[in-house]
Amino acid sequence: MTSENHATVKADSAALVMSPTGSTSQAAPFSPSTSKPIQELPDELIQAGWSKCWSKRENRPYYFNRFTNQSLWEMPVLGQHDVISDPLGLNAAPASGEAVSDAGLGNGQRKRHPSEDAQAGPNSFKRPKVEIPVTPTTPTIPISPSTPGVKPWVNTTDDKQGQTSVPAPAPYRPSVVYWDLDVQTNAVIRERAPADHLPPHPEIELQRAQLTTKLRQHYHELCSQREGIEPPRESFNRWLLERKVVDKGLDPLLPSECDPVISTSMFREIMNDIPIRLSRIKYKEEARKLLFKYAEAAKKMIDSRNATPESRKVVKWNVEDTMNWLRRDHSASKEDYMDRLEHLRKQCGPHVASVAKDSVEGICSKIYHISAEYVRRIRQTHLTLLKECNISVDGAEPTAVQDRLVYCYPVRLSIPSPPQPRVELHFENDVACLRYKGEMVKVNRGHFSKLELLYRYSCIDDTRFEKFLSRVWCLIKRYQVMFGSGVNEGSGLQGALPVPVFEALNKQFGVTFECFASPLNCYFKQFCSAFPDTDGFFGSRGPFLSFSPASGSFEANPPFCEEFMDAMVTHLEDLLERSSEPLSFIIFVPEWRDPPTPALTRMEASRFRRHQMMVPAFEHEYRSGSQHICKREEIYYKSVHGTAVIFLQNNAGFSKWEPTTERIQEFLAAYKVSGRSLPSPGPSSTSTGDKDSKPVQEQSSARSQDNSSPVDKTAPDTTNI
């Protein structure tokens with residue numbers, strides 16, 4: 001990136017700017033002005049906090065660091081003695097006057113040669129040329145981040161005539177890495193045509209974010225006005241997931257063409273909180289207060305709604321009986337109050353639900369129709385933007401593809417991307433901040449470096465990285481909007497397995513692919529994710545429910561939404577039924593038994609089930625879905641429910657990746673390698689409804705059981721574990 005991109009004298013901060021036209025906006029120098037030529041600073045020094053100032057007293061320039069308050073007369077060199085971070089000067093670099101040869105530059109540093117400076121706009125990123133096949137005729141084998149001779153991405157300045165060359169700093173290397181992008185895929189698919197999704201654009205993503213936030217507000221207001229309750233925590237997020245199972249609309253986030261209109265997920269969760277939300281209690285007084293509130297709310301609802309005489313009679317009699325019991329029995333225990341509450345719910349619940357049914361269905365219907373209207377607006381704006389850029393959406397001839405098997409490759413878009421607007425980047429300590437029109441998104445530097453690597457491996461239409469920052473902004477904004485604005489909201493829906501578990505899966509069972517991930521939380525560089533339009537540039541193979549591999553070994557840790565998990569099981573069994581090549585899926589789902597979820601019940605009864613085990617609650621961890629922005633000590637959290645691990649494999653997959661006793665023991669040992677954990681981030685990682693109402697019994701070790709299906713017990717190529 002050229003140095004014209006930065007402010008001059010006494011600039012407060014350094015901003016990396018992306019512009020489709022290559023134009024830059026440069027701030028005027030602060031007074032007093034000088035006729036002396038002002039030598040611009042290299043990008044690395046500006047990002048490290050250095051700025052060039054003018055001394056009125058000495059009538060000469062000097063250099064000031066706004067992070068350390070250090071002043072120097074001579075141009076500083078990165079790595080030199082820093083009195084704050086390196087008081088003894090152990091990491092000091094050679095003096096600026098010393099000659100530094102190319103051979104003496106360590107850590108991948110080297111001087112830039114004039115031949116490397118391509119004729120590009122001043123806002124474009126200089127990148128090593130990486131040959132990536134446009135068509136998936138062979139498996140993509142990208143250059144490894146650690147491959148010698150490949151220059152990593154650093155913001156270096158161009159060498160100028162008569163100016164001393166400043167060595168580039170070593171590339172940013174995170175101290176802790178939660179991914180392994182060197183693992184090559186064994187997933188094979190049939191070649192597919194490019195997708196017809198509209199290409200992402202910050203202006204459209206900003207509009208989508210604003211409308212989605214308004215939709216959340218509508219949901220909150222409807223629940224409060226019609227039912228007098230707060231919306232169930234994360235129910236809106238699970239509604240988005242559940243709707244995408246049946247949605248045939250064109251928007252990647254908001255539903256617009258669903259049948260049925262009423263969401264079973266949203267309806268069930270609202271009904272569970274009527275007449276009041278039941279929470280976990282620890283003490284007797286809390287149980288007594290909860291019983292009293294439930295009785296009062298049930299009586300109030302039945303009096304204010306159009307209930308039948310029989311319903312009024314039953315509810316009022318049970319409420320009065322409960323009130324009398326509360327007045328006369330002051331020696332009851334916590335268990336007595338909870339038993340009484342359960343009895344009252346069984347007696348009054350059906351009558352309360354019958355009077356609230358129409359109102360709750362109205363909430364679900366209203367939210368869906370508002371969403372459909374917002375989708376129409378977003379798409380109209382998007383089409384107008386593309387038309388202004390002379391990009392045609394309709395009438396394009398479909399790309400011809402051959403009917404052949406190829407290694408899986410990222411989603412490609414058939415519609416060319418429009419010019420991208422300016423997105424600013426600056427670093428605040430260890431956090432990368434990207435700003436567009438005042439809207440800032442953040443990601444830690446480690447994950448920002450990871451996104452750069454994924455982009456280099458997967459993107460084929462932007463070799464100069466001119467659209468990189470705008471696409472990163474769209475990506476992070478999309479997930480930020482999907483998560484919601486609450487504390488820890490949405491992080492459980494994007495939880496990932498610990499790194500040692502992924503390593504064991506790869507080593508013992510040949511797993512190279514994640515069925516449910518994102519560019520932010522993926523471990524492998526090949527994965528499926530929710531948003532093909534934004535994630536495809538970073539390696540996504542598209543949504544898993546539309547991904548059809550012919551062979552390979554996969555890990556599936558779906559979002560814990562019942563309808564979504566059920567759709568996943570249907571898709572898995574269909575894939576295993578159709579393929580005769582080695583195909584294996586290792587599924588991680590919550591151990592919800594009260595009542596059991598349809599997905600768990602179906603997998604346990606599947607003829608493709610080869611093995612099953614359960615990892616007890618509070619004895620294993622997940623990585624937070626907010627790992628790209630949260631503190632390092634907050635990345636891991638304890639699971640509040642058991643996790644069922646189920647192996648679904650066809651015969652060829654079982655022969656190749658059989659879950660033998662030795663492999664299972666090695667896999668379970670990986671769960672014992674624990675990081676520093678926090679409690680669960682909240683209800684997002686627990687079940688919906690009443691599945692978490694009973695405490696989970698702690699166990700000392702993971703349980704493994706023989707789960708070969710009756711059909712497989714007679715097969716010659718299967719064995720009992």
Side-chain angles (χ1 to χ4, degrees), residues 145 153 172 174 176-181 183 200 202 205 208-209 237 240-241 252-253 410-411 423 425 427 430-434 436 439-459 468-485 488-499 502 513-544 555 557-559 621-632 634-637 675 681 684-685:
W153 173 33
Y172 180 80
V176 181
V177 177
Y178 301 97
W179 52 85
D180 186 354
L181 305 185
V183 177
E205 208 56 48
R208 180 179 288 111
N237 297 341
L240 291 175
L241 291 171
L253 180 64
V411 171
V423 171
L425 168 69
F427 292 95
D430 203 34
V431 177
C433 305
L434 295 93
Y436 173 71
E439 289 287 327
M440 182 182 292
V441 297
K442 297 182 179 182
V443 60
N444 64 54
R445 285 191 78 168
H447 282 76
F448 185 76
S449 175
K450 172 191 178 183
L451 291 176
E452 188 273 333
L453 288 173
L454 289 172
Y455 193 80
R456 186 196 305 174
Y457 294 158
S458 306
C459 181
F468 173 70
L469 289 184
S470 61
R471 287 171 173 173
V472 170
W473 189 92
C474 290
L475 168 76
I476 300 175
K477 191 66 176 177
R478 177 75 60 82
Y479 282 97
Q480 184 186 83
V481 170
M482 186 185 75
F483 280 10
S485 57
N488 288 327
E489 186 177 1
S491 59
L493 294 175
Q494 284 282 312
L497 301 178
V499 170
F502 271 118
F513 194 104
E514 296 168 77
C515 297
F516 302 95
S518 75
L520 298 171
N521 73 354
C522 65
Y523 178 81
F524 305 112
K525 65 175 176 289
Q526 45 271 344
F527 57 90
C528 283
S529 66
F531 309 119
D533 58 330
T534 55
D535 300 357
F537 301 111
F538 301 90
S540 172
R541 272 57 172 170
F544 177 68
E555 175 266 353
N557 178 28
E621 303 168 337
Y622 283 95
R623 277 185 294 135
S624 171
S626 302
Q627 61 180 276
H628 61 282
I629 195 60
C630 69
K631 298 178 181 178
R632 185 184 304 173
E634 298 176 354
I635 286 182
Y636 284 99
Y637 63 88
S684 62
S685 60

From S626 atom OG to N444 atom CG, the distance as rounded to the nearest 0.5 Å:
11.5 Å

Can you give me the closest heavy-atom contact between A496 and N557, atom names plus distance?
CA-ND2, 4.1 Å

Exactly one of S518, S529, S458 should register a side-chain hydrogen bond (donor to acceptor under 3.5 Å, both in side chains) with D535. Which one does?
S529

Check the orientation of Y455 and F468. Use parallel for under 30°, tilted for 30 to 60°, and perpendicular for over 60°.
perpendicular

Considering residues at least two apart in sequence or located in another chain, which fulfil the side-chain contact (heavy atoms from CB on, under 4.5 Å) criterion with P532?
H197, V411, P543

Just verifying a value: how many Å separate C433 SG and F427 CZ, rounded to the nearest 0.5 Å?
9.0 Å

For Y622 and Y637, what are the C-alpha separation, side-chain angles and deciding distance, and is it a side chain to side chain contact (heavy atoms under 4.5 Å, CB included)?
CA-CA 6 Å; Y622 283 95; Y637 63 88; 3.6 Å; yes

Roughly how far, to the nearest 0.5 Å, is the CZ atom of F531 from the SG atom of C474?
12.5 Å

Taking all atoms of both residues into account, what is the closest heavy-atom pair of F516 and P559, and its distance?
CD2-CD, 4.0 Å

Got H447 and L451 here, is their nearest side-chain heavy-atom distance under 4.5 Å?
no

So, for C528 and R541, which heavy atoms are closest and what is the spacing to 0.1 Å?
SG-CB, 4.2 Å

With sequence neighbours excluded, residues passing salt bridge (charged side-chain N to carboxylate O under 4.0 Å, His left out) with E205:
R208, R478

Between Q627 and L520, is the side chain to side chain contact (heavy atoms under 4.5 Å, CB included) condition met? List the steps.
CA-CA 8 Å; Q627 61 180 276; L520 298 171; over 6 Å; no

Which heavy-atom pair separates V431 from R445 by the least distance, and what is that distance?
N-CG, 4.2 Å

Before you tell me yes or no, could you show the steps for F448 and D430 under side chain to side chain contact (heavy atoms under 4.5 Å, CB included), namely the whole-Å CA-CA distance, both residues' side-chain angles and the distance that decides it to 0.1 Å?
CA-CA 10 Å; F448 185 76; D430 203 34; over 6 Å; no

With ring pair (Phe, Tyr, Trp, His ring centres under 6.0 Å) as the test, pick out the partner of F524 among W179, F513, F502.
F502

With sequence neighbours excluded, tell me which residues meet side chain to side chain donor-acceptor pair (under 3.5 Å) with Y436.
E203

